[in-house]
Protein chains: 2
Amino acid sequence: MTQATSSLTDTQSAPPDSSVAEPGRARYAVLAQVLRDRVLRGDWPPGGALPAEQVLAADHGVALGTIRQALQLLVAQGLIERIHGRGTFVRAGLSGATMLRFFRFGAAAGTGLGPPASAILARSRVAAPPDVARHFGPGQGGDMLQLLRLRSLAGAPCLVEQIWLPLPAFAALADGPTAAWGDLLYPAYASRCGVSVHRAVDEIGFAALGTEHAALLGLAAGHPAAVVSRRAFDIAGRCVEFRITRGDAQAFAYTVTLI
Amino acid sequence: MTQATSSLTDTQSAPPDSSVAEPGRARYAVLAQVLRDRVLRGDWPPGGALPAEQVLAADHGVALGTIRQALQLLVAQGLIERIHGRGTFVRAGLSGATMLRFFRFGAAAGTGLGPPASAILARSRVAAPPDVARHFGPGQGGDMLQLLRLRSLAGAPCLVEQIWLPLPAFAALADGPTAAWGDLLYPAYASRCGVSVHRAVDEIGFAALGTEHAALLGLAAGHPAAVVSRRAFDIAGRCVEFRITRGDAQAFAYTVTLI
DNA sequence: GAGTGGTCTAGACCACGAC
DNA sequence: TCGTGGTCTAGACCACTCT
């Protein structure tokens with residue numbers, strides 16, 4: 001891996017970036033890790049631009065192709081995105097990540113039914129139960145904001161969600177009218193709390209509806225439900241949201257492709 | 001995109017491969033399509049080796065880096081795989097693609113329970129019902145082989161599968177002892193019928209069990225079940241198998257990561 | 001040792017976006 | 001027009017695998 005370290009035109013006193021020499025690992029992989037760390041450290045904010053590849057190459061004393069390989073790695077990891085003619089940017093985060101992709105309500109999802117609506121039915125500060133707190137960091141998980149949210153299509157309720165958000169990071173959502181948040185939560189997290197969701201892990205399961213949730217969805221108690229437990233993470237890998245979504249199992253439909 | 005088409009050292013009478021000039025598309029993309037077509041046409045069999053990149057580059061009259069970009073595209077598409085020091089090979093196909101990844105039977109999947117077992121309970125030639133036939137090509141779907149298969153863990157039945165295979169491609173499975181097929185079907189398809197499964201699409205839903213399937217699984221009729229409908233495709237994109245798998249919804253658990 | 005893919009270089013020109 | 005990323009070249013050396 002340690003390439004020629006070539007010799008010629010070495011008139012300068014010191015190499016531009018000596019940290020880029022490691023045995024057993026490709027130069028571009030080391031560079032990628034260096035850049036990754038800088039992104040996670042916040043050297044460039046989400047949505048912000050990285051230096052041009054020419055600049056990065058010069059700074060680290062490598063050829064253009066090498067820095068391009070490093071950046072390509074970060075693109076594959078979903079950390080940055082590159083736009084032809086504009087530059088290289090830190091990924092802003094998920095805006096949609098809609099639960100509706102798991103369900104087929106009405107004829108086809110979002111066809112003729114109008115946009116999905118969201119209503120916050122309850123909001124409270126709670127001490128997180130252990131089952132919830134364990135998803136957050138060890139220091140985290142004490143004081144939390146708990147939401148009960150109902151999603152509707154064409155006026156008909158279809159999904160009920162329990163959401164836990166760590167405090168004080170989400171203190172800005174603890175007061176004030178919830179109607180102003182809009183129908184999508186993640187943009188509200190970003191604009192009101194400065195928290196951008198970068199990755200989400202959904203676990204799908206199955207259970208019977210309790211009386212409370214069933215009533216909200218207009219179904220009978222004990223009706224079969226699909227249960228999606230989501231952990232959402234910021235760019236640094238910290239869990240910033242835990243959510244349990246329930247919907248009619250009859251409406252559940254999800255497609256997986258194996259290659 | 002159409003690069004310099006440069007001039008120098010053009011002592012030969014004709015360019016090595018004139019098909020590699022197209023306006024509006026990158027050279028490597030055109031090359032990738034050419035190679036892709038050759039793979040699908042069967043110029044190199046599944047598991048077989050492609051020529052070395054040096055040879056391909058010379059044949060098409062491009063630089064090494066360009067052919068490497070083209071091959072990288074085909075790797076990303078899952079069509080080929082490259083092995084350092086050995087060569088570039090047409091992907092052999094899926095061997096596992098196990099349904100058990102959707103379920104958590106016992107403590108953890110495949111832990112201490114021993115390997116999953118498979119039994120063919122019924123086998124018959126049928127005219128495919130329209131709902132099944134439509135998944136296969138328009139000419140296909142008439143005469144089919146239908147299987148009823150039961151999968152067990154530690155002796156306990158856990159999944160029941162209905163499987164449709166087009167004839168005459170799968171005629172080799174129509175007779176003889178099914179016990180000799182082994183516990184995995186796709187390797188049997190490959191060795192006995194020369195059909196390799198390259199891609200599979202699973203659609204997940206929930207439904208109540210019918211009396212027959214419930215009895216096979218040792219559950220009550222009407223018990224909620226997870227239903228996975230799979231279409232399996234060969235390397236050329238032809239549907240070669242349709243399968244409906246049912247298992248206890250309580251045991252269903254699947255994880256999706258969004259980035 | 002021969003042959004393969006993997007890494008790296010130093011340059012060129014092209015296509016795109018914004019000013 | 002300028003700066004950006006995208007494509008392409010022609011070479012070098014390295015690491016891996018098989019014989």
Side-chain angles (χ1 to χ4, degrees), chain A residues 1-10 15-17 20-33 35 44 48-76 80-91, chain B residues 1-11 15-17 20-33 35 44 48-76 80-90:
Chain A
M1 299 291 181
T2 43
Q3 211 71 5
T5 318
S6 75
S7 51
L8 44 134
T9 73
D10 211 333
D17 187 345
V20 191
E22 272 195 34
R25 273 178 65 195
R27 212 137 162 174
Y28 74 87
V30 177
L31 279 172
Q33 174 129 9
L35 294 173
W44 309 288
L50 273 67
E53 35 179 36
Q54 292 277 5
V55 176
L56 288 173
D59 284 357
H60 296 86
V62 297
L64 258 181
T66 305
I67 209 74
R68 284 183 61 78
Q69 251 178 307
L71 292 173
Q72 199 172 330
L73 255 188
L74 300 188
V75 170
I80 62 174
E81 59 186 338
R82 315 193 70 188
I83 304 177
H84 193 172
R86 298 225 303 139
T88 303
F89 304 88
V90 179
R91 282 240 345 248
Chain B
M1 300 293 179
T2 43
Q3 210 74 4
T5 318
S6 76
S7 46
L8 44 135
T9 73
D10 210 334
T11 51
D17 187 346
V20 191
E22 273 196 34
R25 273 177 67 196
R27 212 134 160 177
Y28 75 86
V30 178
L31 279 173
Q33 174 127 12
L35 293 172
W44 309 288
L50 273 67
E53 35 180 33
Q54 293 277 6
V55 175
L56 289 173
D59 283 357
H60 296 86
V62 297
L64 258 181
T66 304
I67 210 76
R68 284 182 62 79
Q69 252 179 308
L71 292 173
Q72 199 173 329
L73 254 188
L74 300 188
V75 170
I80 62 174
E81 58 185 339
R82 315 194 70 190
I83 304 177
H84 193 172
R86 298 225 304 138
T88 303
F89 304 88
V90 179

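Here is how names work: the chains are called A, B, and so on, in the same order as the sequence lines, proteins then strands, and each is numbered from 1. Values below: every heavy atom of this structure, side chains too, minus hydrogens, waters and symmetry copies.
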Quick one: which of [options] gets closest to the side chain of [X]?
| X | options | answer |
| --- | --- | --- |
| A:V62 | D:dT9, C:dT9, D:dG5 | C:dT9 |
| B:E53 | D:dT7, C:dC8, C:dG5 | C:dG5 |
| A:Y28 | D:dT7, C:dC8, D:dG5 | C:dC8 |

- For the residue pair B:Y28 and B:A70, what are the closest heavy atoms and their distance?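 Residues B:Y28 and B:A70, closest heavy atoms: O-CB, 3.4 Å.
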- Message: Looking at every non-hydrogen atom in both residues, tell me the closest pair between B:L50 and B:F89 and how far apart they are.
- Response: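 B:L50 and B:F89 have their closest heavy atoms at CD1-C, 4.4 Å.
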In this structure, how many angstroms lie between the [atom2] atom of [N] and the [atom1] atom of [X], rounded?
| X | N | atom1 | atom2 | answer |
| --- | --- | --- | --- | --- |
| A:R25 | D:dC14 | CZ | C1' | 18 Å |
| B:L50 | C:dG3 | CG | P | 19 Å |
| A:L73 | C:dG6 | CG | P | 14 Å |
| B:R27 | D:dT9 | CZ | C1' | 10 Å |
| B:F89 | C:dG5 | CZ | P | 8 Å |
| B:Q69 | C:dG6 | CD | C1' | 15 Å |
| A:L31 | C:dC8 | CG | P | 8 Å |
| A:L64 | C:dA10 | CG | P | 10 Å |

For [X], which contact category applies under a 4.0 Å heavy-atom criterion: base, sugar-phosphate, or nothing?
| X | value |
| --- | --- |
| B:Q54 | nothing |
| B:I83 | sugar-phosphate |
| B:L71 | nothing |

I'd like to check the side chain to side chain contact (heavy atoms under 4.5 Å, CB included) partners of [X]; sequence neighbours left out, ordered by chain and number.
| X | value |
| --- | --- |
| B:Q54 | B:L64 |
| B:R68 | B:E53, B:R82 |
| A:Q72 | B:Q72 |

Any protein N or O atoms within reach of nucleotides 1-3 of chain D? Criterion: under 3.5 Å, listing atom names and distances.
unit_1, atom_1, unit_2, atom_2, d
D:dG3, N2, A:G85, O, 2.8

- Item | Interatomic spacing from CG in B:L74 to CG in B:L31 - rounded to 0.5 Å |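 Between atom CG of B:L74 and atom CG of B:L31 there are 9.5 Å.
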- Task: Under the side chain to side chain contact (heavy atoms under 4.5 Å, CB included) rule, what do B:L56 and B:T88 come out as? Steps first, then yes or no, please.
- Result: CA-CA 11 Å; B:L56 289 173; B:T88 303; over 6 Å; no
- Query: Does a side-chain N or O from A:T88 land closer than 4.0 Å to OP1 or OP2 of D:dG5, or not?
  - Reply: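 For D:dG5, OP1 or OP2 has a side-chain N or O of A:T88 closer than 4.0 Å.
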- Is any side-chain nitrogen or oxygen of A:T66 closer than 4.0 Å to OP1 or OP2 of C:dT9?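 For C:dT9, OP1/OP2 do have a side-chain N/O of A:T66 under 4.0 Å.
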